[in-house]
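Please find one structure pasted underneath; my questions will follow.
Counting begins at 1 with the first residue of the sequence. Computed from a prediction, not measured in an experiment: that's the story for all the values here.
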Amino acid sequence: VQLQASGGGLVQPGGSLTLSCVGSGSILTMLDPGWYRQAPGQQRELVAGIGYDGQINYHDSVKGRFTISRDNNKKLLVLQMNDLRPEDTAVYYCKADITTDTIPPVRRFYWGRGTLVTVSS
């Protein structure tokens, strides 16, 4: 089982990026998916997540600018980021609570490898 994040890059302030996270392997369910970020010298923080009850939560600093969405059939998690700011610069990670379709099933949190977002002019 893997989570593969992609879509990072260098963008000017005010620009947009779309991050994608795709699950692969023997995945039965992918719950509580979320995007996190970690800036240099900072702790990792939740940027946006879809809770077990389906409620979407955003970090206050990204409300109105970022949108999280998912496609369960494709095991895909997307983060649309608009109006990017220099303070959004960080390595972005996806995470999900995954249950495998193996016998017996295994359930644990998986992290994708980070994708770097740099917002700079």
Side-chain angles (χ1 to χ4, degrees):
V1 172
Q2 284 188 344
L3 292 177
Q4 182 66 48
S6 62
L10 173 64
V11 63
Q12 292 187 341
S16 298
L17 282 175
T18 302
L19 303 184
S20 297
C21 176
V22 179
S24 63
S26 302
I27 297 175
L28 178 64
T29 60
M30 200 164 93
L31 303 175
D32 193 33
W35 287 97
Y36 294 72
R37 67 185 178 190
Q38 187 167 18
Q42 302 294 320
Q43 289 189 333
R44 194 171 296 186
E45 62 182 9
L46 175 67
V47 177
I50 304 175
Y52 292 101
D53 59 357
Q55 184 171 354
I56 294 177
N57 294 296
Y58 294 99
H59 191 281
D60 284 346
S61 67
V62 307
K63 287 180 179 178
R65 300 188 297 122
F66 291 11
T67 302
I68 188 172
S69 61
R70 66 186 299 178
D71 184 327
N72 289 330
N73 289 333
K74 296 180 180 178
K75 299 181 177 61
L76 174 66
L77 184 69
V78 175
L79 185 67
Q80 176 64 43
M81 304 187 296
N82 298 326
D83 188 24
L84 283 160
R85 304 168 181 171
E87 54 264 38
D88 295 319
T89 295
V91 178
Y92 284 71
Y93 302 87
C94 56
K95 188 187 85 170
D97 176 359
I98 291 176
T99 299
T100 64
D101 63 2
T102 54
I103 299 175
V106 175
R107 179 179 179 181
R108 70 173 182 91
F109 282 102
Y110 285 82
W111 287 89
R113 297 181 68 176
T115 183
L116 177 62
V117 172
T118 303
V119 185
S120 175
S121 55

Item to check | Distance, nearest 0.5 Å, that separates CD1 of Ile68 from CD1 of Ile50 | outcome: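 Rounded to the nearest 0.5 Å, the CD1-CD1 separation comes out at 4.5 Å.
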Checklist entry - Any side-chain hydrogen bond (donor to acceptor under 3.5 Å, both in side chains) pairs touching residues 2-15, not counting sequence neighbours? => result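 Matches after skipping sequence neighbours: none remain.
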Item to check | Pairing residues for Tyr36 by the ring-ring contact (aromatic ring centres under 6.0 Å, His included) criterion, not counting sequence neighbours | outcome: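 Checked Tyr36 against ring-ring contact (aromatic ring centres under 6.0 Å, His included); matches are Trp111.
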Item to check | Inter-residue atom distance Tyr110.OH - Thr100.OG1, 0.5 Å rounding | outcome: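 Output value for this atom pair is 6.5 Å.
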Checklist entry - Does anything in residues 101-121 pair up under salt bridge (Lys or Arg N to Asp or Glu O under 4.0 Å), and if so which pairs, sequence neighbours excluded? => result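 Passing the test, one end in residues 101-121: Asp97-Arg107.
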Item to check | All pairs passing salt bridge (Lys or Arg N to Asp or Glu O under 4.0 Å) where residues 36-61 contributes a residue, at least two apart | outcome: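 For residues 36-61, and leaving out neighbouring residues, the salt bridge (Lys or Arg N to Asp or Glu O under 4.0 Å) pairs sorted by first residue read Arg37-Glu45, Arg37-Asp88, Asp60-Lys63.
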Checklist entry - Does CD belonging to Gln43 count more than 12 external heavy atoms closer than 6.0 Å? => result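 For Gln43, atom CD is not crowded (no more than 12 foreign heavy atoms under 6.0 Å).
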Next on the checklist: For Asp32, give me all partners under salt bridge (charged side-chain N to carboxylate O under 4.0 Å, His left out), at least two apart in sequence or on another chain.
Outcome noted: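 Per chain and number, Asp32 pairs via salt bridge (charged side-chain N to carboxylate O under 4.0 Å, His left out) with no residue.
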Item to check | Partners meeting side-chain contact (heavy atoms from CB on, under 4.5 Å) with Ser121 (sequence neighbours left out) | outcome: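 side-chain contact (heavy atoms from CB on, under 4.5 Å) list for Ser121, sorted by chain: Pro13.
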Next on the checklist: Go through it in stages, so that I can follow the logic: the residues are Val91 and Leu116, the test is side chain to side chain contact (heavy atoms under 4.5 Å, CB included), and I'd like the CA-CA distance, side-chain angles, deciding distance and then a yes or no.
Outcome noted: CA-CA 4 Å; Val91 178; Leu116 177 62; 3.9 Å; yes
Next on the checklist: Applying disulfide (SG to SG under 2.5 Å) as the test, list every pair that has at least one member in residues 59-95; sequence neighbours left out.
Outcome noted: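 Residue pairs passing disulfide (SG to SG under 2.5 Å), neighbours aside: Cys21-Cys94.
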Next on the checklist: With a 4.5 Å cut-off on side-chain heavy-atom distances among I, L, V, M, F, W and Y, is there a chain of contacts connecting Ile56 to Leu46?
Outcome noted: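 No; tracing contacts between hydrophobic side chains, which count when under 4.5 Å, never links both residues.
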Item to check | Value rounded to 0.5 Å, distance of CD1 in Ile98 from NZ in Lys75 | outcome: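 Output value for this atom pair is 9.5 Å.
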Checklist entry - If every non-hydrogen atom of Val78 is compared with every non-hydrogen atom of Ser20, which pair is closest and at what distance? => result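 Of all heavy-atom pairs spanning Val78 and Ser20, the closest is CG2-OG, 4.3 Å.
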Next on the checklist: Distance check, rounded to the nearest 0.5 Å: Ser16 atom OG versus Asp83 atom CG?
Outcome noted: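 The OG atom of Ser16 sits 8.0 Å away from the CG atom of Asp83.
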Item to check | ring pair (Phe, Tyr, Trp, His ring centres under 6.0 Å) partners of residues 68-109, not counting sequence neighbours, each pair once | outcome: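 Sorted pair list comes back empty.
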Checklist entry - Same hydrophobic cluster for Val1 and Leu76, using side-chain heavy-atom links shorter than 4.5 Å among ILVMFWY? => result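 No; Leu76 is not reachable from Val1 via cluster members.
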Checklist entry - Run the side chain to side chain contact (heavy atoms under 4.5 Å, CB included) check on Leu77 and Leu3 step by step: do they pass? => result CA-CA 10 Å; Leu77 184 69; Leu3 292 177; over 6 Å; no
Checklist entry - At their closest point, which heavy atom of Pro105 faces which heavy atom of Thr99, and how far apart are they? => result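 Smallest interatomic distance, heavy atoms only, reads CB-CG2, 3.9 Å.
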Checklist entry - Do you know the tightest heavy-atom contact between Ser26 and Thr102? => result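 For Ser26 versus Thr102, the nearest heavy atoms are CB-CG2, 4.1 Å.
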Item to check | Any residue meeting salt bridge (charged side-chain N to carboxylate O under 4.0 Å, His left out) with Arg85, in chain and number order, not counting sequence neighbours | outcome: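 Arg85: no salt bridge (charged side-chain N to carboxylate O under 4.0 Å, His left out) contacts found.
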Item to check | Pairs meeting criterion disulfide (SG to SG under 2.5 Å) with involvement of residues 22-62, two or more places apart | outcome: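 Matches after skipping sequence neighbours: none remain.
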Next on the checklist: Give me the atom names and distance for the closest heavy-atom approach of Val47 to Val62.
Outcome noted: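 For Val47 versus Val62, the nearest heavy atoms are O-CG2, 3.7 Å.
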Checklist entry - What pairs with Asn72 under side-chain contact (heavy atoms from CB on, under 4.5 Å), at least two apart in sequence or on another chain? => result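 For Asn72 the side-chain contact (heavy atoms from CB on, under 4.5 Å) partners, ignoring immediate neighbours, are Arg70.
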Item to check | Qualifying residues under side-chain hydrogen bond (donor to acceptor under 3.5 Å, both in side chains), relative to Thr18, sequence neighbours excluded | outcome: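 Per chain and number, Thr18 pairs via side-chain hydrogen bond (donor to acceptor under 3.5 Å, both in side chains) with Gln80.
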Checklist entry - Could you state the interatomic distance from CG (Asp71) to CE (Met30), rounded to the nearest 0.5 Å? => result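 If I round to the nearest 0.5 Å, the distance is 9.5 Å.
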